[in-house]
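Here's the structure, in structure tokens; my notes come after.
Just so it is clear: chains get the letters A, B, ... in the order the sequence lines come, proteins before strands, and each one is counted from 1.
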Protein chains: 2
Amino acid sequence: MPMQDMHIVHHECGDCPIRHRAVCARCDSDELTRLEQIKYYRSYQAGQTVIWSGDRMDFVASVVTGIATLTQTMEDGRRQMVGLLLPSDFVGRPGRATAAYDVTATTDLVMCCFRKKPFEDLMQTTPHVGQRLLEMTLDELDAAREWMLLLGRKTAREKIASLLGIIARRDATLKLKAPKGALSFDLPLTREEMADYLGLTLETVSRQISALKRDGVIALEGKRHVTIPDFDRLMEEAADDSDGGFLD
Amino acid sequence: MPMQDMHIVHHECGDCPIRHRAVCARCDSDELTRLEQIKYYRSYQAGQTVIWSGDRMDFVASVVTGIATLTQTMEDGRRQMVGLLLPSDFVGRPGRATAAYDVTATTDLVMCCFRKKPFEDLMQTTPHVGQRLLEMTLDELDAAREWMLLLGRKTAREKIASLLGIIARRDATLKLKAPKGALSFDLPLTREEMADYLGLTLETVSRQISALKRDGVIALEGKRHVTIPDFDRLMEEAADDSDGGFLD
DNA sequence: CGCGCTATTGATATTCATCAAACTGCGTGG
DNA sequence: CCACGCAGTTTGATGAATATCAATAGCGCG
């Protein structure tokens with residue numbers, strides 16, 4: 001990798017695109033000032049590893065822009081994604097010294113980092129950060145449990161449809177549109193990353209995407225741009241009990 | 001079911017077997033007094049449903065004794081367990097009105113319940129409950145992610161070995177013994193519940209247990225009592241990367 | 001232009017699910 | 001007391017879903 005482009009941007013928290021959703025969402029201006037004093041930004045290129053499982057981790061962070069993944073790897077190389085981190089999501093665990101998972105930037109990524117010790121102190125002395133972090137962690141736990149249902153009980157086709165639904169919904173949220181009728185977006189993951197998310201092989205992912213395309217559930221332009229003519233149809237294919245599916 | 005034995009025991013918190021591990025673990029005596037005022041006990045018989053997904057849930061609770069499960073069910077009946085609740089584990093989500101999962105007592109169960117509103121108030125005014133709940137939720141999230149690796153990437157045999165390891169470890173913890181060399185315990189789950197935990201069918205669970213027995217990895221007395229002659233051997237079968245595996 | 005990466009598609013193998021039958025232990029009622 | 005029934009479990013035969021191995025195709029980029 002030739003260039004080591006450590007773009008150190010500096011935002012005012014007031015302008016921050018994730019101000020209202022991240023771990024700082026509930027902070028008053030006083031708390032925000034304290035956070036502002038210990039924060040710094042880091043950028044990563046698509047494909048870069050942020051940290052390896054087991055490595056010392058002296059910071060926690062929020063994803064500002066871009067997408068990162070958490071993955072676990074077994075000794076023989078089998079891999080399972082266990083987290084998909086979108087803007088405003090939190091990385092790292094207060095009170096833990098080493099990373100528990102591999103963290104990888106799948107797109108160009110900017111994170112707002114806090115050195116761990118000052119962040120932990122701040123959590124002790126001000127309630128709002130801890131409260132928000134609890135709320136976010138509970139949301140993640142719900143998402144993890146939905147994901148467990150997918151991994152344990154859904155067919156390959158249902159898994160693909162579910163993942164496309166999750167991405168479509170998130171994308172619609174960013175664009176402030178309800179996920180109804182036709183919508184389209186770019187896949188932020190390769191076939192292999194999708195396979196790691198879904199507990200499948202990349203070949204099976206490819207085949208099922210082709211099948212959904214053949215059946216008119218989705219349309220593709222190039223490999224990455226997906227159009228969904230009928231969102232409800234996709235949801236039927238995903239076999240989600242609660243059509244709502246993901247909270248938020 | 002003939003008997004509807006709603007044993008309403010009343011413990012002093014000081015004597016409580018889960019005092020040092022549950023959501024109240026960090027409370028000082030003042031906070032404990034406030035908790036004591038809003039707590040009440042509920043008992044359930046093995047097999048009883050505590051609450052159905054979607055039902056109104058006006059309390060949160062700690063498991064005091066016994067085991068409960070969280071499960072999700074799809075419209076066509078496919079089921080996936082998404083939580084296994086042991087003594088000291090927390091049930092319910094502050095700020096949520098309805099249950100997100102089916103909660104079932106798999107053994108006789110006693111829970112220490114708090115009406116939701118007073119509990120939420122208490123979380124606002126005292127920090128220790130929220131802090132402890134955050135810690136517990138982060139632990140659960142880690143466990144869920146370990147579980148996702150199991151569901152997505154492990155073979156049936158590895159799944160069984162992993163589950164036996166988890167149960168054995170927990171049991172050893174209760175007995176204050178390191179899980180080394182030979183140890184034995186009773187399975188708290190039926191074959192079907194194990195299947196729901198592991199994303200398998202009960203037939204596959206049964207076959208793999210038989211296979212592990214044939215291969216001398218485990219020994220059985222009756223259907224439920226398991227002896228593990230060599231814990232390290234079991235861990236090899238489970239293919240866990242970090243032999244430690246579960247925190248705790 | 002051709003290399004390397006991602007993706008698709010095909011042929012085959014393997015694992016696990018499904019359908020089916022029978023066994024075990026235990027409580028109940030004849 | 002024994003027979004019956006039932007829930008939980010085991011085991012067998014078969015089939016379907018997905019993994020594996022392999023070849024090829026698109027596509028951006030040096």
Side-chain angles (χ1 to χ4, degrees), chain A residues 1-3 45-47 74 76-80 106-107 150-161 163-164 186-215 218-226 237 239, chain B residues 1-3 45-48 74 76-80 104 106-107 150-163 186-215 218-226 237 239:
Chain A
M1 294 254 160
M3 114 181 169
Q45 292 178 279
M74 293 167 67
D76 61 4
R78 281 176 280 175
R79 283 205 306 179
Q80 176 64 51
T106 62
T107 66
L150 177 150
L151 289 171
R153 295 303 188 192
K154 289 191 179 178
T155 65
R157 184 180 175 101
E158 289 167 347
K159 286 177 174 182
I160 299 286
L163 176 55
L164 293 175
D186 281 315
L187 284 174
L189 302 176
T190 65
R191 300 291 185 265
E192 187 174 17
E193 287 164 340
M194 294 176 70
D196 285 344
Y197 188 114
L198 300 170
L200 297 171
T201 60
L202 68 93
E203 293 95 330
T204 299
V205 169
S206 186
R207 275 185 244 276
Q208 294 298 335
I209 287 179
S210 299
L212 288 174
K213 182 175 152 192
R214 245 199 333 273
D215 299 344
I218 62 174
L220 287 181
E221 298 162 60
K223 309 296 185 187
R224 292 295 195 95
H225 194 79
V226 180
E237 295 285 353
Chain B
M1 294 254 159
M3 112 183 170
Q45 292 178 279
Q48 269 191 312
M74 293 168 66
D76 61 4
R78 282 176 279 176
R79 283 204 308 177
Q80 177 64 51
T104 311
T106 63
T107 65
L150 177 150
L151 289 171
R153 294 304 187 192
K154 288 190 179 180
T155 65
R157 184 180 175 99
E158 289 167 347
K159 285 178 175 182
I160 299 288
S162 299
L163 177 56
D186 282 316
L187 285 174
L189 302 176
T190 66
R191 299 291 185 265
E192 187 173 18
E193 288 164 339
M194 293 175 69
D196 286 343
Y197 187 114
L198 300 170
L200 297 170
T201 60
L202 68 92
E203 293 96 328
T204 298
V205 170
S206 185
R207 274 185 244 277
Q208 295 298 334
I209 287 178
S210 299
L212 289 173
K213 181 174 153 192
R214 246 198 334 273
D215 299 344
I218 63 174
L220 287 181
E221 296 162 63
K223 310 295 186 187
R224 292 295 195 96
H225 194 80
V226 180
E237 295 285 354

task: Could you name each residue pair satisfying salt bridge (Lys or Arg N to Asp or Glu O under 4.0 Å) that touches residues 194-206 of chain B, not counting sequence neighbours?
output: A:Arg153-B:Asp196, B:Arg79-B:Asp196

B:Asp186 side, atom CG; B:Arg224 side, atom CZ - distance, nearest 0.5 Å: 8.0 Å

query: Looking only at heavy atoms, which two atoms of B:Lys159 and B:Leu151 are closest? And how far apart?
result: NZ-O, 3.8 Å

field: Minimum heavy-atom distance between A:Ile218 and A:Ile209, given as atom pair plus value
entry: CD1-O, 3.9 Å

- prompt: Looking at A:Ala195 and A:Leu202, what are the two nearest heavy atoms and their distance?
  reply: CB-N, 3.6 Å

statement: Closest non-hydrogen contact found for A:Thr204 with A:Ala156 is CG2-CB, 3.7 Å

message: I'd like the 5' and 3' limits of the part of DNA chain C contacted by chain B, with heavy-atom contacts below 4.0 Å.
response: C:dC16 to C:dC19

Atom pair distance, as rounded to whole Å: CE in B:Met194 and C1' in D:dT9: 12 Å

Closest non-hydrogen atom pair, A:Arg191 against A:Leu187: NH1-CD1, 3.6 Å

task: Using a strict cut-off of less than 4.0 Å between a Lys/Arg side-chain nitrogen and an Asp/Glu carboxylate oxygen, indicate whether B:Arg78 and A:Glu158 qualify as a salt bridge.
output: yes

statement: 5' to 3', nucleotides 12-27 of chain D under a 4.0 Å protein heavy-atom cut-off (B base, S sugar-phosphate only, - none) gives BB----SSBB------

